[in-house]
Amino acid sequence: MRRLAAVLAIVLALPALALMAGAVPFPASVPAGGPVTAEQRHRIYVLSNGFHAGIALPADAMLADVDGERGIMAAIGLDEAHHPVDPDAVRYWLFGWGSRTAYTSLREVRDLTVGIAARALAFDEAVMHVQPLGDLGTPRPGLFAIEVTEDQLAMLTGSIAPWFAAHEPFAGISQGFGDRFFAGHGRFSPWHSCNAWAGRRLRDAGIGVGHWTPLAQTLEFGLARVAVDQAR
């Protein structure tokens with residue numbers, strides 16, 4: 001009974017610890033090398049639907065220190081031709097990491113079942129999700145705009161790229177929005193969740209979100225602090 005009580009106490013304490021860790025901001029880094037011009041800045045977005053968050057990077061951003069005249073997809077090693085969309089209409093590419101079972105089965109929260117949740121939490125294998133997006137300039141709930149330097153964008157891209165275990169998408173698996181799923185590295189767990197992954201990628205680029213963000217809400221605490229006015 002004592003062991004059971006201890007386990008229950010830990011389970012109940014985890015949400016409180018997650019909220020506390022998400023509320024403690026990670027120190028944002030200050031880009032070195034003097035003032036940054038408007039041409040050296042990029043706007044990225046984080047999209048959260050309340051249980052999952054992804055990072056949207058500008059499609060046409062040219063990262064000279066990556067490989068000269070190439071956009072974000074090529075810099076990560078992906079082929080835009082895998083997506084059945086007009087490439088000229090794509091303004092952002094949305095990247096996410098998560099449980100293969102949950103990610104490929106859920107479109108809305110109401111799709112969640114006990115079986116899906118159990119398999120996802122049992123250290124499910126990971127996938128990467130890539131979705132083309134149009135213009136994101138219209139403010140809406142769950143959409144956070146962040147201004148980054150060219151160096152920060154390169155760091156963010158470099159932090160996302162290694163999580164792809166393959167650069168060919170799974171056949172026949174899509175949420176129906178021109179998106180594709182790829183084999184990913186790592187295993188999903190309650191403490192290394194899709195939102196914890198997104199938070200770590202942002203922190204790797206010097207963006208001051210919370211220290212640990214296993215829940216969408218814990219990630220949003222930090223995003224609300226660092227997001228810019230989308231009307232600008």
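Reckoned from all heavy atoms, side chains included, excluding hydrogens, waters and symmetry mates. Numbering of residues begins at 1 and proceeds along the displayed sequence.
- You'll find the side chain of R200 reaches within 4.5 Å of the side chain of D204, heavy atoms only.
- For the atom pair I173 CD1 and R100 CZ, the distance stands at 4.5 Å (nearest 0.5 Å).
- For the pair V85 and Q131, the minimum side-chain heavy-atom distance is 4.5 Å or more.
- From D86, atom CG reaches atom CD of E80 across 10.5 Å, with rounding to the nearest 0.5 Å.
- Checking side-chain atoms of W191 against main-chain N and O of W212 turns up no donor-acceptor pair under 3.5 Å.
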message = Between M155 and V148, does the side chain to side chain contact (heavy atoms under 4.5 Å, CB included) criterion hold? Intermediate values first, please.
response = CA-CA 10 Å; M155 286 189 288; V148 299; over 6 Å; no

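- When all heavy atoms are compared, the tightest approach of S48 to A216 is OG-CB, 3.7 Å.
- Contact between L57 and I44 at its shortest, heavy atoms only, is CD2-CG2, 3.8 Å.
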request  = Take M73 and D79 through the side chain to side chain contact (heavy atoms under 4.5 Å, CB included) test and state the conclusion after the steps.
outcome  = CA-CA 7 Å; M73 286 287 276; D79 186 351; over 6 Å; no

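- Counting only heavy atoms from C-beta outward, the side chains of E150 and R41 never approach each other to under 4.5 Å.
- Within the model, atoms CG of L143 and OG1 of T138 stand 9.0 Å from one another, a figure rounded to the nearest 0.5 Å.
- Shown here for A227 and I146, the closest heavy-atom pair between the two residues is CA-CG1, 4.5 Å.
- Using a 4.5 Å heavy-atom threshold, the side chains of T218 and N195 count as separate.
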ask   = Checking side chain to side chain contact (heavy atoms under 4.5 Å, CB included) for the pair H82/E168: CA distance, chi angles, key distance, verdict?
value = CA-CA 8 Å; H82 288 142; E168 291 290 326; 3.3 Å; yes

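- For the ring-ring contact (aromatic ring centres under 6.0 Å, His included) test with H129, the passing option among W197, F181, F170 is F181; the others fail.
- You'll find the side chain of R180 reaches within 4.5 Å of the side chain of H83, heavy atoms only.
- Counting heavy atoms from C-beta on, the side chains of W93 and L78 never come closer than 4.5 Å.
- Note that OH of Y45 and CD1 of I55 are 15.0 Å apart. Values are rounded to the nearest 0.5 Å.
- For the pair L219/L202, a side-chain contact is recorded, criterion being any heavy-atom separation below 4.5 Å from C-beta on.
- Checking F164, F95, W163, W97 one by one against F182, the ring-ring contact (aromatic ring centres under 6.0 Å, His included) holds for a single residue, F164.
- Residues R203 and T213 approach most closely at NH1-OG1, 4.3 Å, considering heavy atoms.
- When all heavy atoms of A145 and R43 are compared, the closest pair comes out as CB-CD, 4.0 Å.
- G134 and R91 get closest at one heavy-atom pair: O-CB, 3.4 Å.
- Looking only at side-chain heavy atoms (C-beta outward), L47 and L136 come within less than 4.5 Å of each other.
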